[in-house]
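What follows is one structure encoded as structure tokens, with my remarks underneath.
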2 protein chains.
Amino acid sequence: MPHTLDKIDTQLLAILQKNSNRTTKSIAEELGMSTSPIFERIKKLEKEGYIEKYVAVLNNKKIGLKLTVFIGITLQGHTRSYLEKFVKEINNFPEVIECHRVSGNFDYLLKLVVEDIEAYETFIISKLTLLPYLGNVQSLIALSTSKETNEIDLSRVL
Amino acid sequence: MPHTLDKIDTQLLAILQKNSNRTTKSIAEELGMSTSPIFERIKKLEKEGYIEKYVAVLNNKKIGLKLTVFIGITLQGHTRSYLEKFVKEINNFPEVIECHRVSGNFDYLLKLVVEDIEAYETFIISKLTLLPYLGNVQSLIALSTSKETNEIDLSRVL
DNA sequence: TTTAAATAAAGAATATTATCCTTTTTATAG
DNA sequence: CTATAAAAAGGATAATATTCTTTATTTAAA
């Protein structure tokens, strides 16, 4: 049964979203509790699926991936089997970190992280445009990014 | 001085990107080393900024945020001071998790995570369209998402 | 080659933490 | 009020992170 989140749970999620390496002790102190209930609540949040995983966030630029690009795509044919194949291919490209089927002026929106403009062009020419039934393709190249986070503001949810 | 990453460093980043809660012991075993060099390498990767932070990834749907939307925006006026104000306002909206200045058919591309269509409309009507000098606004609503990750494929970098 | 210096790994010791268990408190329903 | 269930506290223990010292490996100079 889906257990509802109380204020402490929400605070825990907010804290762990920012920094998942905090010790239960330090969190317990911040919330004015002892470590055991904090520990147990976190385990429950994990088990019930509110927390999916814990990951290290890397600095893409430092790793040599300096360019983010969004690509809107329309397809010419829309058979189900083709769509599935298309998505499968797209998802296998390591440059693609997001692939959304969308409504609006495109069928798909991709988010890519690549080394530079050259790598972007290589992707377009030697990967994307090789896919059949490709219609309109429109790229938006990120010139600068003022916000980019996974962190969800929980104050509006609970 | 910028230290280059060797194969072990790359493997460490790949591992921690997937799961940052692995113990150094378990990683050491996987890589056939003892714990101390693993520990020290991770600390170095943190200190040198390859690893920015460790975070918990939440299940947005479970939290009640079921809709992802991308919004392309063009502005009518482009004075520097206005752009700055615009970006500042946009970034303060909790719905907005990404804001990119882009080249192409739009000036800005936003990524939003909201409860549902209603919350999306509320955002448009009572937040976005209140900003002055707004030109064209085009939304792409995610119908389904086949890939959405932060995980970078490191095999192509080093 | 040989040797010295620097770098990385191994191994062991210690301090912290996570984790578990029991007791106490708090909240709730009858 | 009392009985029951749920949550928190507190303490004990096992596991882990972290530090330090020693050993091995690599690198560069002689």
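The chains referred to below are lettered A, B, ... by the order of the sequence lines, with proteins before strands, and numbering in each begins at 1.
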Worksheet item: Within the structure shown, what part of the strands sits under 4.0 Å from B:Ser34 by heavy-atom distance: base, sugar-phosphate, or nothing?
Response: base
Whole-Å gap separating [atom2] ([N]) and [atom1] ([X]):
| X | N | atom1 | atom2 | result |
| --- | --- | --- | --- | --- |
| B:Ile42 | C:dA8 | CD1 | C1' | 15 Å |
| A:Lys44 | D:dA8 | NZ | P | 9 Å |
| A:Ile8 | C:dA27 | CD1 | C1' | 14 Å |
| B:Asp6 | C:dA9 | CG | P | 7 Å |
| B:Asp9 | C:dT7 | CG | P | 15 Å |
| A:Met33 | D:dA6 | CE | P | 17 Å |
| A:Lys25 | D:dA17 | NZ | P | 17 Å |
| A:Ile38 | D:dA7 | CD1 | P | 13 Å |

Closest nucleotide among [options] to the [X] side chain:
| X | options | result |
| --- | --- | --- |
| A:Ser36 | D:dA9, D:dA7, C:dT17 | D:dA9 |
| A:Lys43 | C:dC21, D:dC20, C:dT19 | C:dT19 |
| B:Glu40 | D:dA17, D:dA9, D:dC20 | D:dC20 |
| A:Pro37 | D:dT18, D:dA8, C:dT17 | D:dA8 |
| B:Phe39 | C:dA8, D:dA9, D:dT18 | D:dT18 |

Do [X] and [Y] meet the criterion of a side-chain donor-acceptor pair at a distance under 3.5 Å?
| X | Y | answer |
| --- | --- | --- |
| B:Thr79 | B:Tyr133 | no |
| B:Asp107 | B:Thr74 | no |
| A:Glu46 | A:Tyr54 | yes |

Practice prompt. Kindly say if A:Arg22 contacts the phosphate of C:dT17, meaning a side-chain N or O under 4.0 Å from OP1 or OP2.
Written response: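 So the side chain of A:Arg22 is outside the cut-off, no N or O lying under 4.0 Å from OP1 or OP2 of C:dT17.
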Practice prompt. Can you spot which of B:Asp6, B:Thr24, B:Leu45, B:Ile51 makes a side-chain contact (heavy atoms from CB on, under 4.5 Å) with B:Leu12?
Written response: B:Leu45
Worksheet item: Distance under 6.0 Å and angle within 45° of the ring axis: does B:Lys62 meet both against A:Tyr50?
Response: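 Checked: cation-pi criterion met.
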